[in-house]
Amino acid sequence: MRKTLLIGGGVIVALVAIGLAALRIPSVDMWLFRHAAARIVSRPAPVLAKADELSVLLCGTGTPLPDRTRAGPCALVAAGDRLYVIDVGIGSVRNMLLWRLPLAKVRGVLLTHFHSDHIPELGEIRLQTWVAGRRTHLPVSGPPGVGRVVAGFEEAYALDTQYRTAHHGADFLPPGAAALDAKPVPIPQDAPTAVVLDDHGLKITAIRVHHDPAKPAYGYRFDYKGRSVVISGDTTPDEDLAQAARGADVLVHEGLQPEMVAALGDALKTAEKWRAAKIMHDIPGYHSSPVGAARIANEAGAKRLVFTHMLPPLPNAAARRMFLNGVAAVRPDGVELGHDGLLIRLPAGSDAIEETSLDD
Ligand SMILES: [Zn+2]
Ligand SMILES: [Zn+2]
């Protein structure tokens, strides 16, 4: 009896709320808005890595081909509370904001190469880390040439910086902190790698990969407390990368499925879309087939291979299966397709590879 009354009371309250909302009474709308806003802004930031963890978050797994489900290429590596962003594709910084990442903790950006799909949100990461409270310049490391790219973004965002400081005040947005600092990392010709940073147990190594005519192009290896992550950047299957990725816990590798790209090219020719068809014809030569990437992962002895920058777009399960066609014969285990929001955590002193998704 009492339960029936309670349920009846709840239904009446719900009906009254729906009725008031239906009447569009501004004070009710505002109450609902305040309630929703308080709930949304009080959500805690996700923990990317505990003090003794290394982790990698995929903040963009797409390519230049448009895909609503994937931002452009981007990964974020966390060593404790030190964050590094590798490439900044379209939509990647928006992902970071939607996931409420602590952007003031970004210590640096590392660019793999200067193709347009890897650099477009350099201005956005500059702005959003500054607005989040970054108080020193943001280093941007990359192959020689990074100075030109950074200088261009600095010029493009100079007026925006002035406007925001004038509007919010120099205490809140100090203009001296806004800038990006280019840090070219040359790799000597007779060496495959160069150290980018070796600081308080975190070592970052640049690895020369092959993506001509984007030359030089780099991958990066992160080592922290006995755990390691390697990001391939864009490359053909590369022996130097396999050597430099030796024993890595996670290898995040690009992949282009040549038969699928050829089929897409055929469809474009049939549709007389000659320019797009030519591009499909040209691109396999400077990327890695999934089977080629799996061979490199095996050679490196990498425990987990995670694909990113997958070509062509993979809109359904059948396409995802086709992308991996032949991979199991080379590497039966330890392979997966990445997705935006995939967070892989590597606790120190263990072999554990823990996966979660920030989009869940
Ligand atoms: Zn590229
Ligand atoms: Zn690319």
Side-chain angles (χ1 to χ4, degrees), residues 56 58 60-64 73-75 77 84 86-87 89 110-115 117-119 141-146 184-196 203-223 228-261 282-311 323-324 326-327 329-331 334-338:
V56 56
L58 301 185
T61 53
T63 69
C74 175
V77 171
Y84 291 86
I86 303 95
D87 289 340
L110 300 130
L111 297 176
T112 59
H113 63 297
F114 310 125
H115 267 149
D117 50 324
H118 294 253
I119 62 170
S141 306
V146 69
V185 181
I187 297 182
Q189 247 178 359
D190 55 352
T193 62
V195 175
V196 180
K203 186 174 180 187
I204 307 177
T205 308
I207 308 158
R208 188 190 299 109
V209 293
H210 291 95
H211 188 52
D212 296 5
K215 193 176 175 180
Y218 291 176
Y220 292 100
R221 175 174 178 134
F222 294 76
D223 285 280
S228 50
V229 169
V230 175
I231 312 283
S232 74
D234 286 8
T235 182
T236 53
D238 195 287
E239 292 298 321
D240 286 343
L241 181 72
Q243 289 302 317
R246 194 145 284 281
D249 290 295
V250 178
L251 171 60
V252 178
H253 203 292
E254 66 118 281
L256 176 150
Q257 217 291 349
E259 290 88 10
M260 293 172 82
V261 168
D282 291 348
I283 56 177
Y286 67 2
H287 288 290
S288 297
S289 71
V291 170
R295 288 209 172 95
I296 293 299
N298 288 354
E299 208 176 308
K303 295 184 188 72
R304 181 78 52 98
L305 167 62
V306 182
F307 280 106
T308 188
H309 198 287
M310 287 160 280
L311 282 161
F323 182 86
L324 290 174
V327 169
V330 174
R331 185 178 169 92
V335 179
E336 67 186 295
L337 301 183

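- Under the side-chain contact (heavy atoms from CB on, under 4.5 Å) criterion, Pro184 pairs with Val146, not counting sequence neighbours.
- Asp249 pairs by the side-chain contact (heavy atoms from CB on, under 4.5 Å) definition with Arg227, Ser228, Lys303, Leu346, not counting sequence neighbours.
- Remark: Thr236 OG1 to Leu256 CG distance equals 12.0 Å, nearest 0.5 Å.
- Closest approach of Val252 to Val56, counting heavy atoms only: CG2-CG2, 4.5 Å.
- Legend: residues meeting ring pair (Phe, Tyr, Trp, His ring centres under 6.0 Å) with Phe307, ordered by chain and number and at least two apart, are Phe323.
- Note that CZ of Arg221 and CG of Leu251 are 10.0 Å apart. Values are rounded to the nearest 0.5 Å.
- Looking at Arg208, its side chain does come within 3.5 Å of a backbone N or O of Pro188 through a donor-acceptor pair.
- In this structure, the salt bridge (charged side-chain N to carboxylate O under 4.0 Å, His left out) partners of Glu336, at least two apart in sequence or on a different chain, are Arg304.
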Quick one: side chains of residues 285-296, donor-acceptor pairs under 3.5 Å with protein atoms, not counting sequence neighbours, listed by atom name and distance.
residue	atom	partner	partner atom	Å
His287	ND1	Glu254	OE2	2.6
Ser288	OG	Thr235	O	2.6
Ser289	OG	Gly292	N	2.9

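- If you take CD1 on Ile207 and CG on Asp240, they are separated by 9.0 Å, rounding to the nearest 0.5 Å.
- A perpendicular orientation is assigned to the rings of Tyr218 and Tyr220, their planes being inclined by more than 60° (bins at 30° and 60°).
- Across His113 and Ala217, no two heavy atoms sit closer than the pair CB-CB, 3.9 Å.
- Note that the NE2 atom of His309 and the CG atom of Asp234 stand 3.5 Å from one another [nearest 0.5 Å].
- Proximity of Val250 to Val230: side-chain heavy atoms (C-beta onward) are nowhere separated by under 4.5 Å.
- Atom OG1 of residue Thr112 and atom CD1 of residue Ile119 lie 10.0 Å apart, to the nearest 0.5 angstrom.
- Ring orientation note: the planes of His115 and His211 are nearly perpendicular, at an angle over 60° on the 30°/60° scale.
- Within the model, atoms CD1 of Ile231 and OG1 of Thr308 stand 8.0 Å from one another, a figure rounded to the nearest 0.5 Å.
- Nearest heavy-atom pair across Gly338 and Thr61 is C-CG2, 4.1 Å.
- A search for salt bridge (charged side-chain N to carboxylate O under 4.0 Å, His left out) contacts involving Asp282 returns Lys278, not counting sequence neighbours.
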Q.
Test side chain to side chain contact (heavy atoms under 4.5 Å, CB included) on Ser232 and Val209; report intermediate values, then the result.
A. CA-CA 8 Å; Ser232 74; Val209 293; 5.8 Å; no
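- Looking at heavy atoms from C-beta onward, Leu111 lies out of side-chain contact with His118 at the 4.5 angstrom threshold.
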